[in-house]
Amino acid sequence: MTDPRPTLRVAVTGASGKTGAAVVAGLLEAGHEPVALVRRPEAAASLREQGAAARLVDLDAGPDAIAAALADVDAVHHVPPNMHPAEDALTADVVAAAERAGVRRFVFHSVLQPHVPAMPHHLRKATSELTVRSSSLRWTVLQPASYAQNVLPFWDAAVASGTYRVPYDVARPFTPVDLADVAGAVVAVLEDPATTYGTFELAGPEVLTSADLAAVVAELSGRPVVAERQPVADWRAAVDPDGTRADVDDLVAMFDHYDAHGLVGSPLALGVLLGRTPTTVRDALRRDLGLAPA
Ligand SMILES: NC(=O)c1ccc[n+]([C@@H]2O[C@H](COP(=O)([O-])OP(=O)(O)OC[C@H]3O[C@@H](n4cnc5c(N)ncnc54)[C@H](OP(=O)(O)O)[C@@H]3O)[C@@H](O)[C@H]2O)c1
């Protein structure tokens, strides 16, 4: 029997990054044709090896250059560069490029709770959402929570030292979402025209503190690991010793907000889009670390 779903050719921005790569993998797995938009030839080569098409474009190059890279695609999934200081202007260029290239379907990768005034990079997402909604495109906005996979870069240090260090209160709540579920939601949205003009939070099924996340690391590694609050000044000195990084003030503003409130959302929309309960952090990490299922 033939698959009734049409194969979609989907341009994915930020395709060499963590999010974009997961979306490209999800589209390939679902039988679609991702077109990875990347700025480095070596990233294009690596994505082609995985079976994706790839086109070179710097998203800072303006709408004409971006429109050229969008020729003959059915849809765009726009993943803005992480913490880009002009993300809203860059997204306006991608939207203008999609309009110019005649690509009507557009999915915007936003963030959970974009309208928090205390977090400048979230506000840039809110401004970008407004641009997307004000366009002539058939848009959908996805608002993912922080990813379950964000623990992984700290895994080895946490297991070796016995402490999972975060620069905010370890008792604040989060609803981490599995990046593979996020990719699944992108596919679901692109396949279902009823999601057009919808805005969907993508949050995981559990409310977890950093202390809870440390307990998951301990359980999966078989080693004692507890969460510990790292003073923000220590974090800043470690990541930006000479004070030259442009994104550090925005990250500190995010940690201050996390310190006061955490960041939580509802798993309901994600469950509907996936047609199942979203993946727990434990199961996502177990899968990504190649551990046997529970
Ligand atoms: N991490 C989370 O928990 C989370 C949660 C919700 C939403 N998000 C959002 O997801 C997005 C992606 O985050 P991420 O963590 O996946 O980022 P990432 O791994 O740092 O990847 C960023 C990507 O943007 C590309 N890029 C940067 N500047 C570019 C330019 N001028 N032109 C073309 N490409 C450019 C990078 O290319 P190179 O490889 O060439 O550097 C890379 O592919 C962000 O907008 C973030 O706000 C993240």
Side-chain angles (χ1 to χ4, degrees), residues 11-26 34-47 50 52 54-63 65-66 68-70 76-91 93-94 97 107-114 116 119-129 132 141-154 166 174-183 185-186 199-204 208 210 213 245-247 250-251 253-255 257-258 262-265 270 281 284:
V12 181
T13 59
S16 58
K18 190 168 47 185
T19 305
V23 170
V24 166
V35 178
L37 302 194
V38 292
R39 59 179 173 170
R40 291 178 294 113
E42 58 274 27
S46 151
L47 283 150
Q50 293 161 45
R55 297 177 186 172
L56 284 176
V57 64
D58 191 317
L59 297 176
D60 286 321
I66 302 168
L70 295 180
V76 175
H77 182 69
H78 175 43
V79 182
N82 201 25
M83 307 300 294
H84 192 289
E87 178 181 332
D88 42 358
L90 180 149
T91 294
D93 284 352
V94 176
V107 181
F108 175 55
H109 204 94
S110 184
V111 74
L112 191 64
Q113 300 188 18
V116 177
M119 292 194 283
H121 73 297
H122 276 229
L123 279 188
R124 289 194 287 273
K125 288 266 199 267
T127 307
S128 302
E129 286 191 6
V132 170
V141 173
L142 297 178
Q143 298 176 330
S146 51
Y147 306 145
Q149 283 76 6
N150 290 355
V151 174
L152 290 174
F154 306 100
V166 293
F174 295 84
T175 46
V177 66
D178 176 20
L179 194 41
D181 280 1
V182 171
V186 173
T199 297
F200 305 107
E201 281 188 357
L202 303 179
L208 297 176
S210 299
L213 288 169
R245 263 181 67 169
D247 58 352
D250 286 355
L251 285 166
M254 179 180 81
F255 295 146
H257 185 78
Y258 286 0
L263 194 75
V264 288
L270 180 58
V281 169

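These numbers come from a predicted model, not from an experiment. For ligands, and for the atoms within them, numbers begin at 1 and follow the listed sequence. Residues: numbered from 1 along the sequence shown.
- Judged purely by atom type and a 3.5 angstrom limit, R39 has no side-chain atom pairing as donor or acceptor with the backbone of D60.
- Of all the atoms in ligand 1, the ones that sit under 4.0 Å from a non-hydrogen atom of V79 are 11 (C), 12 (C).
- Residue contact check: S110 has heavy atoms under 4.0 Å from atoms 7 (C) of ligand 1.
- Of the candidates Q113, H109, E129, Q143 forms a side-chain hydrogen bond (donor to acceptor under 3.5 Å, both in side chains) with just one, namely E129.
- Side chain of S46 to backbone of E42: no donor-acceptor contact under 3.5 angstrom is found.
- Distances from atom 3 (O) of ligand 1 to the heavy atoms of V111, V182, N150 show the closest one on N150.
- A pairwise comparison of heavy atoms in T91 and P80 identifies OG1-CG, 4.0 Å as the closest pair.
- The contact set between ligand 1 and R40, taken as ligand atoms under 4.0 Å from a residue heavy atom, comprises 38 (P), 39 (O), 40 (O).
- Among all heavy-atom pairs drawn from A203 and T175, the shortest one is CB-OG1, 3.6 Å.
- Taking every non-hydrogen atom of P144 and a distance limit under 4.0 Å, the qualifying atoms of ligand 1 come out as 6 (C).
- In terms of polar-atom proximity, S146 is not counted as a contact of ligand 1, lacking any N or O under 3.5 Å from an N or O of the ligand.
- Using a 4.5 Å heavy-atom cutoff, the side chains of L263 and M119 are in contact.
- Ranking protein heavy atoms by distance to atom 13 (O) of ligand 1, first place goes to T19 OG1, 3.6 Å.
- Residue P80 places a heavy atom under 4.0 Å from ligand 1.
- Looking only at heavy atoms of the protein, atom 46 (C) of ligand 1 is closest to N82 OD1, 3.3 Å.
- Of all the atoms in ligand 1, the ones that sit under 4.0 Å from a non-hydrogen atom of D60 are 31 (N).
- By the 3.5 Å distance cut-off applied to N or O atoms, E87 is not counted among the residues near ligand 1.
- Judged by distance alone, the side chain of E87 and the main-chain N or O of R124 form no donor-acceptor pair under 3.5 Å.
- In the candidate list M83, K18, H109, K18 is nearest to atom 18 (P) of ligand 1, counting heavy atoms.
- Protein heavy atom nearest atom 48 (C) of ligand 1, with residue, atom name and distance: Y147 OH, 3.4 Å.
- Partner of L37 under the side-chain contact (heavy atoms from CB on, under 4.5 Å) criterion, out of R55, H77, H78: R55 alone.
- To the nearest 0.5 Å, atom CZ of residue R245 and atom CG of residue D250 are 11.0 Å apart.
- With hydrogens left out, the protein atom closest to atom 5 (C) of ligand 1 is A145 O, 3.3 Å, a heavy atom.
- Nearest heavy-atom pair, A97 versus P63, reported as atom, atom and distance to 0.1 Å: CB-O, 3.4 Å.
- Taking 4.0 Å as the cut-off, A61 does not count as a neighbour of ligand 1 on heavy-atom distance.
- Looking only at protein heavy atoms, the nearest one to atom 23 (C) of ligand 1 is G14 CA, 3.9 Å.
- Residues meeting the side-chain contact (heavy atoms from CB on, under 4.5 Å) test with S146, sequence neighbours left out: N150, F174.
- For atom 24 (O) of ligand 1, the closest non-hydrogen atom of the protein is P81 CA, 3.6 Å.
- In terms of protein heavy-atom proximity, atom 30 (C) of ligand 1 is closest to D58 OD1, 3.6 Å.
- Using a non-hydrogen distance threshold of 4.0 Å, K125 registers as a contact of ligand 1.
- At a 3.5 angstrom cut-off on N or O pairs, G17 counts as close to ligand 1.
- Between L90 and P81 the shortest heavy-atom distance is CD2-CD, 3.8 Å.
- Side-chain contact check for H121 and D247: no donor-acceptor pair (N or O, by modelled atom type) lies under 3.5 Å.
- Protein heavy atom nearest atom 41 (O) of ligand 1, with residue, atom name and distance: R39 NH2, 2.9 Å.
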